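The structure under discussion appears below in the form of structure tokens.
For this chain, numbers begin at 1 and follow the sequence in order. Just so you know, these numbers come straight off a predicted model, no measurement behind them. Note that ligands are numbered from 1 as they come in the structure, with each ligand's atoms numbered from 1 the same way.
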Amino acid sequence: MTGYAQKIYEIVNNSRNHMRAEQVFHELKKSCPRVVLATVYNNLNKLCDAGLIRRIATDGEPDRYDRISKHDHLVCKRCGKLADICFDDLTAHLQKQMDGALLSYDLRVYYLCPQCRAQESGASKTPGDKI
Ligand SMILES: [Zn+2]
Ligand SMILES: [Zn+2]
């Protein structure tokens, strides 16, 4: 790993904020003021290809980057914010129902984050609405 890749890996791996490339860039600049955004993109792609970090694509949002350790995500339907959530490992359960080898799964649970819920219940008269 080059110096930049190593640093980028550490930034992503230590963050719980699901950073976008620009945020990683901003963070890296603190220790490497001469780095350019293209370098950050390149290294993020390489780290993803190497399976050292993962990319999270959300509809209509820039890709975010996250540590690889197994966890799943809550996605706010309203503001797109991501939060980590841990389920019991479903691998065995899923494997039983399929006719093939399970490689991996990536769960997305959509919800309203506490901030959006607070705004919504202030504005709407039907808090029981299904999403
Ligand atoms: Zn929200
Ligand atoms: Zn995460």
> Can any side-chain N or O of Gln23 pair as donor or acceptor with the backbone N or O of Arg20 at less than 3.5 Å?
Replying inline: yes
> Does Arg54 use its side chain to pair, donor to acceptor, with the backbone of Arg67 at less than 3.5 Å?
Replying inline: yes
> Hey, is Arg64 close enough to Asp66 for a salt bridge, meaning N to O under 4.0 Å?
Replying inline: no
>> Does this structure show an ion pair linking Glu27 with Lys7, if we count only N-O contacts that are shorter than 4.0 Å?
In response: no
> Can you tell me the angle formed at the Zn ion (ligand 2) by NE2 of His18 and OD1 of Asp84, to 10°?
Replying inline: 80°
> Looking at the Zn ion (ligand 2), which N/O/S atom of His73 is the nearest one?
Replying inline: NE2
>> How large, to 10°, is the angle at the Zn ion (ligand 1) when you draw lines to SG on Cys79 and to SG on Cys116?
In response: 110°
> the Zn ion (ligand 2) is nearest to which N, O or S atom of Asp66?
Replying inline: OD2
